[in-house]
Amino acid sequence: QLQLVESGGGLVQPGGSLRLSCAAPGSTLDYYAIAWFREAPGKVRKKVSCIDSVGESSDYLDGAGGRFTISRDNTNHTVYLQMNGLKPEDTADYYCAADSDGLCISADSEHDMDYWGKGTPVHGSS
């Protein structure tokens, strides 16, 4: 059983930056595709970005491209989501999730993911 732990969320001013981290203490993420999802209040959970097991990233959520960057450090068994130019509409709980297939092409929706973290909140103040 893979246990994912997110960190790095918080309150940020418009235009500010945060770096979210996703780790699996005692385990390795190396063979998994890892995706970041977010769930805003009253809205459905949406995929923000995905990185496959070899470090190639997939498309980003509309509006996130150019501001968000996903990366992974397999030495430290951690996946990051660097978020720059944050906007109030980026406010959401952010979750990382793992797909055992290792490929983002098979991690298209939340139903495709095998493991989830408990989330970290991001609040973009207006």
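All values reported here derive from a predicted model rather than from experimental measurement. Along the sequence shown, residues carry numbers from 1.
A chain of hydrophobic side-chain contacts below 4.5 Å, direct or via other Ile, Leu, Val, Met, Phe, Trp or Tyr residues, connects V79 to Y115. Under the 4.5 Å side-chain heavy-atom criterion for ILVMFWY residues, a single connected hydrophobic cluster contains both Y60 and V122.
Contact check for V5 versus P25: side-chain heavy atoms found under the 4.5 Å cut-off. V48 has its side chain within reach of F68: a pair of non-hydrogen atoms, C-beta onward, lies under 4.5 Å apart. No side-chain heavy atom of L86 sits less than 4.5 Å from a side-chain heavy atom of P14.
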Applying side chain to side chain contact (heavy atoms under 4.5 Å, CB included), run through S27 and L2 and close with a yes or a no. CA-CA 7 Å; S27 301; L2 188 68; 3.6 Å; yes

Kindly indicate, with the supporting measurements, whether the criterion side chain to side chain contact (heavy atoms under 4.5 Å, CB included) is fulfilled by E110 and D112. CA-CA 5 Å; E110 60 180 307; D112 299 320; over 6 Å; no

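Between the SG atom in C50 and the CD1 atom in I34 there is a gap of 8.0 Å [rounded to 0.5 Å]. A distance of 4.5 Å separates CG in N74 from CZ in R72, rounded to the nearest 0.5 Å. The CZ atom of F37 lies 6.0 Å from the NZ atom of K47; values are rounded to the nearest 0.5 Å. Within the model, atoms CD of E6 and SG of C96 stand 4.0 Å from one another, a figure rounded to the nearest 0.5 Å. Atom CD1 of I70 is separated from atom SG of C22 by 9.0 Å, given to the nearest 0.5 angstrom. Atoms OG and CE, on S49 and M83 in that order, are 11.5 Å from each other to the nearest 0.5 Å.
The minimum heavy-atom distance between A24 and L29, with the atom names listed, is CB-CD2, 3.6 Å. When all heavy atoms of T120 and G8 are compared, the pair lying nearest together is OG1-N, 4.2 Å. The nearest pair of heavy atoms linking N84 to Q82 is OD1-NE2, 2.9 Å. In plain terms, the two heavy atoms of T78 and S21 that are nearest each other are CG2-CB, 4.0 Å. Of all non-hydrogen atoms in D114 and S100, the two that sit nearest each other are OD2-N, 2.7 Å. In terms of heavy-atom proximity, V12 sits nearest to S17 at CG2-N, 3.8 Å.
Among the candidates Y95, Y80, W36, the single residue satisfying the side chain to side chain contact (heavy atoms under 4.5 Å, CB included) test with L20 is W36.
T91 and H123 share no side-chain donor-acceptor pair at under 3.5 Å. There is a side-chain donor-acceptor pair under 3.5 Å between T28 and D30.
Residue pairs satisfying the salt bridge (charged side-chain N to carboxylate O under 4.0 Å, His left out) criterion with at least one member in residues 87-97, sequence neighbours excluded, are listed as follows: R38-D90, R67-D90.
Between the K46 side chain and the S109 main chain, no donor and acceptor come within less than 3.5 Å of each other. Remark: side-chain polar atoms of Y94 are not paired, donor with acceptor, to backbone N or O of E39 under 3.5 angstrom. Within the 3.5 Å criterion, the main-chain N or O of V54 finds a donor-acceptor partner in the side chain of D52.
For CD1 of I105, the number of neighbouring non-hydrogen atoms (other residues, nucleotides, ligands) closer than 6.0 Å is 12 at most.
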